[in-house]
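Read the structure below first, then the notes.
Below, each value reflects all heavy atoms present in this structure, side chains not excepted, and no hydrogens, waters or symmetry copies. In what follows, chains are A, B, ... by sequence order, proteins preceding strands, each numbered from 1. In this text, all values refer to a predicted model and were calculated from it rather than measured experimentally.
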Amino acid sequence: MTHTQIRVRFAPSPTGHLHIGGARTALYNWLYARKTGGVFVLRIEDTDAVRSTEESYHAIIDALEWLGLDWDEGPVKDGPFGPYVQSARQVLYHTESQKLLEQGMAYHCFCTPDELEEMRSEALQQRESTRYDGRCRNLPRDEIEYRLAKKVPHVVRFRMPDGETRFNDLIRGLITFQNKELDDFVLVKSDGKPTYNFAAVVDDARMRISHVIRGDDHLSNTPKQVLICKALGYAVPKFAHLPMILGSDRTRLSKRHGASSVQEFRRIGYLSDSLVNYLALLGWAYDDKTEFFTRESLIKKFSLKKVSKNPAAVDPNKLDHIDGEHFKRLDAIKRVSLVYEKLLEEKILPAGFRPEEWAGRGTGNGVTDPTLRPGAADEAAYREELPRLAIILKVMGNRLKNLKDVREKLAYFYRDDYPRDAEASKTYLSSPESAARLTQLADRFEKLEPFDRGEIERTTRELAEEEGIKAADLIHPCRVALTGQSVSPDIFSVVHLLGRKKSVERMRTAALESTAHTGRDVGS
RNA sequence: GGCCCCUUCGUCUAGUGGUUUAGGACAUAUGGUUCUCAGCCAUAAAACAGGGGUUCGACUCCCCUAGGGGCUACCA
């Protein structure tokens, strides 16, 4: 075994979804391992029997896989230092705690939770420290044997030595704690399970972890862990404590802050590449310019030395921007299939959607692919719609910045119950003139041959000129009639993509509604 | 309360004693282009928490104060 091999780990507890704070910790560990040619270990810390769930375990595994953070050793992918789930390592914690007990570095404590609670509230009242007072520290040997034999519930506590404990944090430098500030903390709970501090140290040592990279909420636990290491004769790993990630209001991340789990970001439609890129930037920067990174470029550029010390607040705007950058760079095929999936997920694509009804053959719009099989089953719907969707995306251009906006920006291409902006209708569809113009324009579209973008524009401008009005006076009502919004891509392309049938239909409906609203006949 | 950590534009950050009138990005505002929007181009506003030192010189080093965060569980 090489002693220089770098081994890092991500050790989540399966008590909920993977938070973006945890995701960032996992990412930095992964990056460090990949950068140094080291090993990335995944370990599940499920010593809290009450809060750990199978569901959370799967959620975390899924999230890591989605982020592309593959581990070299861990659940699913076994390695030489397994098992990698703490509940399966019970014997080990037991033997290690026995060692400590035998050497007198730990002791049995029979205090009940009630006693401890009393101790604590008393200390609080006297405005004293709430540390354990050590009343079981020096129980007579036979007394201990007796209670143990009688199976009196007990825990194992660490016998805190005098002196001070220091360690050199890779990000924060030398940190010193006075041991008397730490108390005789619990190593083994009364159910026989190890506490976090104990299990983590034992596993880190047995798994040969060389660098512990984790959130800075663990900074205060570190001296305890160093002390356990020393008591057990383990080599002390190097530590790197990452700054915390805060909500946009700079308080601790919680449900109030909207999306905070990887799973939610995924559901909203962020690309995993984007989340990885954004998370990397939360607490780390390569230089004063570069902010677009792929996993590969991050591996090249990442360095623990450049990790910042101060907590970072999540900025949804910046995430959106980064996401847009990645979305923009997607190749066309990939983008089309991602958007198609999103359309399905969002249930925008109605079951049994038939492209030809919208812009299909015979409308002369040239959108359909002649190689497509007619009457295809639903599974083939994708293949059928693909060419049209590709053109929709091309026409949308950079207006569709990400997957997140698919619902809002693409619905009118796929269904008739797309959202309508009341303000837009009021502005462009409420006058008698607009109804009349829509009708005139629809009449022309009905007869237009060929029905392509160029002809659509030509006839629209022609009508405007004949009527002595600006083209915009035709364009705006038409846009609202077709899309329900006052913003859209190039309107002639939209008419073309929607097809003659749908376009004319929507324009006539809008004209009718407009007439109904004004309450009188607007015929010539 | 005790201990530990942190403090550059609204946000993420660059900056490691002089090259700085403190740079970039997001967001914001204004103008140009256009059928709207987006985009693109140009421009603007925006920060070294406060106070003491050290030094010829401090955003950079030290101390204090303030603010924020963490730990102080038989949670992790």
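F293(A) places its CZ atom 12 Å from the C1' atom of rU13(B), with the value rounded to the nearest Å. Distance, L410(A) CG to rA38(B) P: 18 Å, rounded to whole Å. At whole-Å resolution of the value, CG in D184(A) and P in rU72(B) are 15 Å apart. Nucleotide rG39(B) holds its P atom 10 Å from the CZ atom of R399(A), rounded to whole Å. Atom CZ in F327(A) sits about 18 Å away from atom P in rA38(B), given to the nearest Å. Per the geometry, CZ belonging to R250(A) stands 12 Å off P belonging to rG70(B), to the nearest Å. For the pair D421(A) CG and rC37(B) P, the computed distance is 14 Å after rounding to whole Å. One can place CD of Q178(A) at 16 Å from C1' of rC71(B), the figure rounded to the nearest angstrom.
Base pairing annotation: rC40(B) forms a Watson-Crick or G-U wobble pair with rG32(B), both donor-acceptor distances under 3.5 Å. Pairing for rG1(B) is with rU72(B), a Watson-Crick or G-U wobble pair whose two hydrogen-bonding atom distances lie under 3.5 Å. Pair assignment for rU54(B): none, as no Watson-Crick or G-U wobble contacts are both less than 3.5 Å. Judged by Watson-Crick or G-U wobble contacts below 3.5 Å, the nucleotide rA45(B) has no partner. As the counterpart of rU60(B), no nucleotide is assigned, since no Watson-Crick or G-U wobble pattern has both distances under 3.5 Å. Partner assigned to rC26(B) is rG10(B), using Watson-Crick or G-U wobble distances below 3.5 angstrom.
Each of V314(A) and I475(A) was assigned the nucleotide of RNA chain B with the nearest heavy atom; the assignment lying further toward the 5' end belongs to V314(A). Across the interface with RNA chain B, nearest-nucleotide mapping of L281(A) and K306(A) shows L281(A) to be the residue nearer the 5′ end.
Note that R420(A) lies in the cation-pi zone of Y418(A), set by a 6.0 Å cut-off to the ring centre and a 45° limit from the axis. At least one test fails for R453(A) against the ring of F492(A): distance under 6.0 Å to the centre or angle within 45° of the axis. Within the cation-pi definition used here (under 6.0 Å to the ring centroid, within 45° of the axis), R24(A) qualifies as a partner of Y28(A).
Annotation: rA47(B) and rA22(B) have their C1' atoms spaced 9 Å apart (nearest Å). Taking atom P in both rG70(B) and rA29(B), one finds a spacing of 34 Å when rounded to whole Å. When the P atom is compared between rG69(B) and rG31(B), the two are found 41 Å apart, to the nearest whole Å.
Tested against Y234(A), the residues V226(A), V202(A), D204(A) include a single side-chain contact (heavy atoms from CB on, under 4.5 Å) partner, V202(A). Between H108(A) and the choices L139(A), L101(A), V152(A), V188(A), the side-chain contact (heavy atoms from CB on, under 4.5 Å) rule is met once, by L101(A).
By the side-chain contact (heavy atoms from CB on, under 4.5 Å) test, N179(A) is found to be paired with M160(A), P161(A), T165(A), L182(A), L227(A), residues two or more places apart in sequence or in another chain being considered. Listed by chain and number, the residues in a side-chain contact (heavy atoms from CB on, under 4.5 Å) with H218(A) are Y196(A), R214(A), N221(A), H241(A) (sequence neighbours excluded).
Across all strands shown, A312(A) has heavy atoms under 4.0 Å from sugar-phosphate atoms exclusively, and none from any base. In this structure, K470(A) reaches neither bases nor backbone, as no heavy-atom distance under 4.0 Å exists between it and the strands shown. Residue-level contact check: S308(A) touches the backbone only, with heavy atoms under 4.0 Å from sugar-phosphate atoms and none from bases. Residue G283(A) is classed as a sugar-phosphate contact, given heavy-atom separations below 4.0 Å to backbone atoms only.
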Quiz prompt | nucleotides 21-33 of chain B: protein proximity per nucleotide (B base, S sugar-phosphate only, - neither; heavy atom, under 4.0 Å) | solution = --BSBBS------
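Of the charged side-chain nitrogens involved, at least one lies within less than 4.0 Å of a carboxylate oxygen, so that D48(A) and R51(A) count as a salt-bridged pair. Looking at R9(A) and E45(A), no side-chain N of the basic residue comes within less than 4.0 Å of a carboxylate O on the acidic one, giving no salt bridge. Under 4.0 Å is where a charged nitrogen must lie from a carboxylate oxygen, and between D320(A) and K401(A) no such pair does. Using a cutoff of 4.0 Å between basic side-chain nitrogens and carboxylate oxygens, K309(A) and D216(A) are not scored as salt-bridged. Under a 4.0 Å N-O distance rule, the pair E96(A)/R206(A) qualifies as a salt bridge.
Nearest heavy atom pair, residue V336(A) against residue L389(A), reads O-CD2, 3.6 Å.
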So which protein N/O to nucleotides 4-8 of chain B N/O distances come out below 3.5 Å?
from	atom 1	to	atom 2	distance (Å)
rC5(B)	O2'	R172(A)	NH1	2.5
rU8(B)	OP2	N310(A)	ND2	2.9

Which pairs, protein N/O on one side and nucleotides 73-76 of chain B N/O on the other, fall under 3.5 Å?
from	atom 1	to	atom 2	distance (Å)
rC74(B)	O2	S190(A)	N	2.6
rC74(B)	O2	S190(A)	OG	2.6
rC74(B)	N3	S190(A)	OG	3.1
rC74(B)	N4	C111(A)	O	3.2
rC75(B)	OP2	K189(A)	NZ	2.8
rC75(B)	O2'	D48(A)	OD2	2.7
rC75(B)	O2'	R51(A)	NH2	2.9
rC75(B)	O2	R51(A)	NH2	3.3
rA76(B)	OP1	T47(A)	OG1	2.6
rA76(B)	OP1	D48(A)	N	3.4
rA76(B)	OP1	K189(A)	NZ	2.8
rA76(B)	OP2	Y196(A)	N	2.9
rA76(B)	O3'	E45(A)	O	3.4
rA76(B)	O3'	E45(A)	OE1	3.2
rA76(B)	O2'	S13(A)	OG	3.3
rA76(B)	N6	N221(A)	OD1	3.3
rA76(B)	N6	N221(A)	ND2	3.1
rA76(B)	N1	N221(A)	ND2	3.3

Under 3.5 Å, which N/O atoms of the protein pair with N/O atoms of nucleotides 40-48 of chain B?
none

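No side-chain donor-acceptor contact under 3.5 Å links T483(A) to the backbone of V480(A).
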